Amino acid sequence: MSLATGHPAHEPADRGGSFTVVDPATGETFGEAPDRRPEELDAIVDRAHTAWHGWRADQAARRRALREAADAVDRAAAALAPLLTREQGKPLTESHAEVARTAARLRYFAELRIGTQPVADDRPVHSRLRWRSLGPVAAIVPWNFPLQLASAKFAPALAAGNTVVLKPSPFTPLATRMLGSVLAGALPEGVLTIVTGREPLGARLASHPGIRHVTFTGSTATGRAVAAGAAASLARVTLELGGNDAAVLLDDVDVEKVADRLFWAAFRNCGQVCMAVKRVYAPRRLHARVVEALAHRARTTAVGSGLDPLSRIGPVNNAPQLARVERRTARALADGARAAAGGHRLDRPGYFFAPTILTDVPADSPVVTEEQFGPVLPVLPYDRLDEAVRAANDTGFGLGGSVWGTDLDRAAAVADRLECGTAWINHHAELSLAQPFAGAKDSGVGVAGGPWGLYGNLRPFVVHRPQEA
């Protein structure tokens, strides 16, 4: 498919011009995508509503279609993964893993069955609970995991019998458009529609009166705007928002044993992961060892184009995000922090920032209190464990957290004290397809993943009938 002119099946003909897509490893334009006008959404949502009537009617047919879709994604991996790396920046191995996860999620939800069940009560009636789909779903996806997060939204929505209008980030539209073409052979027309464009397209989609469920991943500020837009039509919302995950190291932690896992929990995908480790709290007597272990890895890990097989960390995805990372780091250094590794943009084309480990960071520095979403990690010392737990919880975010130590029972007890949706022990940011994923506080509303994600795309419907005389 031509990057400039190809149109995924089920996408309307281009009437709104186009916008360019930049390779973050070079900073140069390499493709373009249709720039849909907000007024075009009326016809698109109408078509999704029409397709919904047939799609919701046959659960067995939906399950077959999702299995076929998964097979099609696997067959297209050799084309999808390089395109994903080209527009997003991540190493090619990570792009292949993202494509594989997309197929796996389709298969997982294809195997979940939607059943009915009796409702027990003391009245002389038979009550049975059934589940009904909602209608057209709007899925709005960010640029850090374009395919994986798209499938996390459309796979359960489609399995539940809904249709989906999917809008990718304008920074990463191309692999998603190719995915739409790949899936078109398995899904009926109008069941999954990809729309690309710049704002206010996303805002209009979230507030469209024909949309019955809005599922969004992105910043907390934008999530609030999405929720306000959806409220006009009382559409359901599922919001996976920002994170500022803390890793609390206990005084019995084996620093060298966990250093690799801890480093990659923070720096995978160039730190552009909502549930990445973004702050480390280490006992004061171990603090210098932790800083040096992480700094050594930051200094020696290969940074470069994701298409280079030697690269382990790619570029920041886009120029505005690179500027944000630079500002946060410069502010921390100006406030007295020291860069044990990195601390600066790399002098080369593209959006590269050196993997950075910060020490002596003021606790109120924005690089600690806010989400940096890049390859920068502050490491802070603590004297008492209660102090570390309090600092970990002293944030408006509540996506995830982790505890690292040798005594697993003690670590589990500390994990129970973290105010977040998911807590890990001796690892971080690992999720199975079968588990729920939800944030606390400002990190989100609703649940994704597992059966909870499926039933989040359904509504209960109860039928009462009298018992036979």
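This structure is a prediction, so every number in the text was calculated from the model and none was measured. One is the number of the first residue; the rest follow in order along the sequence.
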Between H213 and N162, is there a side-chain donor-acceptor contact under 3.5 Å, judged purely by atom types and distance?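 On atom types as modelled, these side chains do not qualify, holding no pair under 3.5 Å.
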Do K257 and T406 pair up side chain to side chain, a donor and an acceptor below 3.5 Å, judged on atom types alone?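 Side-chain D/A pair, K257 to T406: absent.
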What are the two closest heavy atoms between [X] and [Y], and how far apart are they?
X	Y	result
V316	P24	O-CB, 3.4 Å
G31	L174	CA-CD1, 4.4 Å
V73	V182	N-CG1, 3.8 Å
A33	R177	CB-CD, 4.1 Å
I114	A160	CD1-CA, 3.8 Å
A302	L310	CB-O, 3.2 Å

Side-chain contact test, heavy atoms from C-beta onward, threshold under 4.5 Å: evaluate it for [X] versus [Y] and give yes or no.
X	Y	answer
H208	I44	no
V325	F373	no
W143	Q88	yes
Y382	L249	no
V403	L250	yes
L431	M275	yes
N426	L408	yes
T176	K167	no

Is the backbone N or O of [Y] less than 3.5 Å from a side-chain atom of [X], with the two atoms forming a donor-acceptor pair by type?
X	Y	result
S151	Q148	yes
N317	E87	yes
S311	L307	no
T217	P142	no
N144	Q272	yes
W404	V253	no
S443	G398	yes
T85	K90	yes

Just verifying a value: how many Å separate [X] [atom1] and [Y] [atom2], rounded to the nearest 0.5 Å?
X	Y	atom1	atom2	result
E371	L399	CD	CG	8.5 Å
L83	F30	CG	CZ	5.5 Å
L158	K153	CG	NZ	13.5 Å
R198	S169	CZ	OG	12.0 Å
L183	L106	CG	CG	6.5 Å
N457	L134	CG	CG	6.0 Å

Can you tell whether the side chains of R279 and D394 come within less than 4.0 Å, N to carboxylate O?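 Between D394 and R279 there is no salt bridge, as every charged N stays at least 4.0 Å from the carboxylate O atoms.
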Can E94 and R268 be counted as an ion pair, charged N to O under 4.0 angstrom?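 So E94 does not pair with R268 through a salt bridge.
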Quick check: are there more than 12 heavy atoms from other residues, nucleotides or ligands sitting under 6.0 Å from [atom1] of [X]?
X	atom1	value
H287	NE2	yes
R261	CZ	yes
D347	CG	no
R284	CZ	yes
R299	CZ	yes

Using the six-membered ring wherever Trp is involved, compare the ring planes of F263 and F267 and label them parallel, tilted or perpendicular (cut-offs 30° and 60°).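 Rings of F263 and F267: parallel, as their planes differ by under 30°.
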Side chain to side chain donor-acceptor pair (under 3.5 Å) between K441 and T395, worked out: CA-CA 9 Å; K441 298 188 278 189; T395 174; 5.9 Å; no
Apply side chain to side chain contact (heavy atoms under 4.5 Å, CB included) to residues F353 and L322 and explain how you reach the verdict. CA-CA 8 Å; F353 198 87; L322 176 62; 4.0 Å; yes
Would you check, one step at a time, whether the test side chain to side chain contact (heavy atoms under 4.5 Å, CB included) holds for W264 with R297? CA-CA 9 Å; W264 288 111; R297 286 158 176 80; over 6 Å; no
Please evaluate residues R331 and V367 with respect to the criterion side chain to side chain contact (heavy atoms under 4.5 Å, CB included), reporting the C-alpha separation (whole Å), side-chain torsions for both, the decisive distance (0.1 Å), and the verdict. CA-CA 8 Å; R331 167 71 182 275; V367 80; over 6 Å; no
Listing request: all salt bridge (Lys or Arg N to Asp or Glu O under 4.0 Å) pairs with a residue in residues 398-413, at least two apart in sequence or in separate chains.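 For residues 398-413, and leaving out neighbouring residues, the salt bridge (Lys or Arg N to Asp or Glu O under 4.0 Å) pairs sorted by first residue read D251-R410.
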Before you tell me yes or no, could you show the steps for D23 and R86 under side chain to side chain contact (heavy atoms under 4.5 Å, CB included), namely the whole-Å CA-CA distance, both residues' side-chain angles and the distance that decides it to 0.1 Å? CA-CA 6 Å; D23 181 341; R86 190 87 188 275; 2.9 Å; yes
